[in-house]
Amino acid sequence: MECHKLSAKPCSSYLFFVILLIFASLASFADAAVHYHDFVIEAKPVKRLCRTHSTITVNGQFPGPTLEVRDGDTLVIKAINRARYNITLHWHGIRQLRNPWADGPEYVTQCPIQPGRSYTYQFTIQNQEGTLWWHAHSRWLRATVYGALIIYPKLGSPYPFPMPKKEIPILLGEWWDRDPMDVLRLALFTGAAPNVSDAFTINGQPGDLYRCSSKETAIFPVEAGETILLRIINSAMNQELFFGVANHKLTVVAVDAAYTKPFTTNVIMIAPGQTTNVLLTADQPSARYYMAAHAYNTANAPFDNTTTTAILEYKSAPCSAKKGQPVKPIFPQLPGFNDTATATAFTAQIKSPSQVKVPIEIDESLFFTVGLGLINCSNPNSPRCQGPNGTRFAASINNVSFVLPRRNSLMQAYYQGQPGIFTADFPPVPPIPFDYTGNVSRGLWQPVKGTKLFKLKFGSTVQIVFQDTSIVTVEDHPMHLHGYQFYVVGSGFGNFDPRNDPAKFNLIDPPQRNTIGTPPGGWVAIRFVADNPGIWLLHCHIDTHLPWGLATAFLVENGVGKLQTVQPPPLDLPPC
């Protein structure tokens, strides 16, 4: 009898525990919401820099709508293409677990949405919170088709920092005083570099320093003493940027939807594709202060050397004596365009809040050279060979210049078993070792075009060292991996030393990111677990470099069972 009583106790406790779990999961499920949106993609008149252009927008907005969700929520977004171009949408930084069909890069996970057609992106946010963004992922349409994607914590979960009084998305962008698609089309025809942008923007507005722009300059009113959260997104096409606010300190608390150890800085450096959350306290004398951004340029190449501004305005700021006009804003001190020391010091401070589980035993150790190249022309005087010395610009990883298919998307071809679209023999190391950051022989400047993927077993641990090269020019290449977040475990200048550099890796609290730059003339190392099956694009987020071929993709095989297997494609997946 005593025995029976003793065994019954754990049984009832176990039953009670199961009931609690069921109620907890039901409560969690009840908290999760489904957000439905129609994104109508169409040309609308947009006036900037004194001129009106027919600009591709979403729902008539530039930048596009801000999406606000919570961790655990589901987004159902019907993309309706009323523009004259094929288009896709990418939800930058969303893990898209087992769901590459919602990822969006054209000819990688889907064929593009043709004019007059639609496609519904449906995905669930799983264990992510912070600032991400969405953008077109077809040619240069993301120059104007982009917006913020804000993921709040689940209900009842606070931020790991003091609650700000208000939150402001800050989208940094680039503007061409012409159709960006024409800029790209001309560059692809001539083989030369595309024309640089005419302005940078903050929330779509160039700011006070450009012609015909001061009246529309973005103004952000604040109360003295309050703390605000700036959700900063670099939506620019081709330019890393320095950003600062005059006389105000910025406390970095998150990057790429991952919290960080807080640290304070006067300026941030942010690459295309990256996001940075900072706290700002309005603790200065009541006045008007510029927030500003300008180029951090690491390549020996032309760049947009202008400055975009917005205004942080204390509500109690006095007006000038002249007809009640507001006083002129105070300007911040930004680093010089080539200040690599400041950019490197800033990036080095970013760390995870506490110890994290970094893969230690590595199954796949990959060494990827990334950089530019030149394609030799049989007729250097041709209008199609206007690059340096009668060549065409190219770019590559491990000397393979990536070519997107056109007959089918990579993911559809893989899922359908269609041969001839790609091969899975991407080289894990450069075909010929050389002095990557030294004086490289001209015989190594021309890459080989191909559609090659690298295959990974489900659950394998991966390390990639991205090595910049000095071919054409050294440059900071912001590398973005779709479908994954990764740990940035080390970086340095010069050639990576496989014997000595790994000993300096941070395997305790490295930052978690989805986009990371190669130091110019240097290297950066990342680690992740290949736990998301599907085909996932890896590319430089300088959009000039993507059509030149600075990309590849990982084919992550299915694991065991439904939870490790790619889900079937939706019925409305666009055909090619």
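Keep in mind it's a predicted model, so treat the numbers as computed, not measured.
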State, yes or no, whether a side-chain contact exists between Arg139 and Glu106 at a heavy-atom distance under 4.5 Å.
yes
Could you check whether Arg95 pairs with Asp531 (Lys NZ or Arg NE/NH1/NH2 to Asp/Glu carboxylate O, under 4.0 Å)?
yes
Leu507 side, atom CG; Gln355 side, atom CD - distance, nearest 0.5 Å
10.0 Å
Can the ring centres of Trp140 and Tyr85 be said to be less than 6.0 Å apart?
no
Step through the shown structure and confirm whether more than 12 heavy atoms of other residues, nucleotides or ligands are within 6.0 Å of NZ on Lys457.
no
Does a sphere of radius 6.0 Å around CZ in Arg117 hold more than 12 heavy atoms from other residues, nucleotides or ligands, not counting ones at 6.0 Å or beyond?
no
For a 4.5 angstrom cut-off between non-hydrogen side-chain atoms, does Leu555 reach Phe422?
yes
Could you walk me through whether Asp73 and His35 pass side chain to side chain donor-acceptor pair (under 3.5 Å), step by step?
CA-CA 8 Å; Asp73 288 357; His35 304 262; 2.8 Å; yes
What's the verdict on side chain to side chain donor-acceptor pair (under 3.5 Å) for Glu68 and Tyr152, showing C-alpha distance, side-chain angles and the deciding distance?
CA-CA 7 Å; Glu68 295 181 272; Tyr152 298 107; 2.6 Å; yes
Rounded distance [0.5 Å steps], NE2 in His294 versus CD in Gln239
10.0 Å
Could you check if a side-chain atom of Glu216 sits within less than 4.5 angstrom of a side-chain atom of Arg48, using non-hydrogen atoms only?
no
Starting at CD1 of Ile170, measure out to CG of Leu229 and round the result to the nearest 0.5 Å.
10.0 Å
Relative to the ring of His545, is the ring of His477 parallel (under 30°), tilted (30 to 60°) or perpendicular (over 60°)?
tilted
Does this structure show an ion pair linking Glu226 with Lys166, if we count only N-O contacts that are shorter than 4.0 Å?
yes
Atom CD1 of Ile219 and atom CG of Leu312: how far apart are they, to the nearest 0.5 Å?
11.0 Å
Less than 4.5 Å apart, side chain to side chain, heavy atoms only: is that true for Leu279 and Phe161?
yes
Report the relative orientation of the aromatic rings in Tyr146 and Trp133; use parallel for angles under 30°, tilted for 30 to 60°, perpendicular for over 60°.
perpendicular
How are the rings of Trp91 and Phe123 set to each other: parallel, tilted or perpendicular (split at 30° and 60°)?
tilted
Give the intermediate values and the outcome of side chain to side chain donor-acceptor pair (under 3.5 Å) for residues Thr515 and His92.
CA-CA 10 Å; Thr515 307; His92 187 111; 3.2 Å; yes
Any idea how Trp134 and Phe39 line up, ring-wise: parallel (<30°), tilted (30 to 60°), or perpendicular (>60°)?
tilted
Check the orientation of Tyr484 and Phe528. Use parallel for under 30°, tilted for 30 to 60°, and perpendicular for over 60°.
tilted
Is there a side-chain contact between Leu184 and Pro547 in this structure, where contact means two heavy atoms from C-beta onward sitting under 4.5 Å apart?
yes
Count the heavy atoms of every other residue, nucleotide or ligand shown that sit under 6.0 Å from NZ of Lys47, and state whether that count exceeds 12.
no
Output for pair (Ile77 CD1, Tyr36 OH), nearest 0.5 Å, gives 12.0 Å
Can you find a pair of side-chain heavy atoms, one from Trp536 and one from Gln96, that are under 4.5 Å apart?
yes
Spacing of Ile397 atom CD1 and Ile464 atom CD1 [to the nearest 0.5 Å]:
8.5 Å
Would you say Tyr121 and Trp101 make side-chain contact, with heavy atoms under 4.5 Å?
no
Flag yes if more than 12 heavy atoms outside Lys261 fall under 6.0 Å of its NZ atom; otherwise flag no.
yes
Would you call Arg231 and Asp256 a salt bridge, taking side-chain N to carboxylate O under 4.0 Å as the test?
no
Closest heavy-atom pair and its distance - Pro359, Val529
CG-CG2, 3.8 Å
Taking the side chain as C-beta and beyond, is there a heavy-atom pair between Val252 and Phe346 under 4.5 Å?
yes
Please work out whether the ring planes of His482 and His480 are parallel, tilted or perpendicular, with thresholds of 30° and 60°.
tilted
Tell me whether the rings of Tyr314 and His248 are parallel (<30°), tilted (30 to 60°) or perpendicular (>60°).
tilted
His90 and His135 aromatic ring geometry - parallel, tilted or perpendicular at 30°/60° bounds:
perpendicular
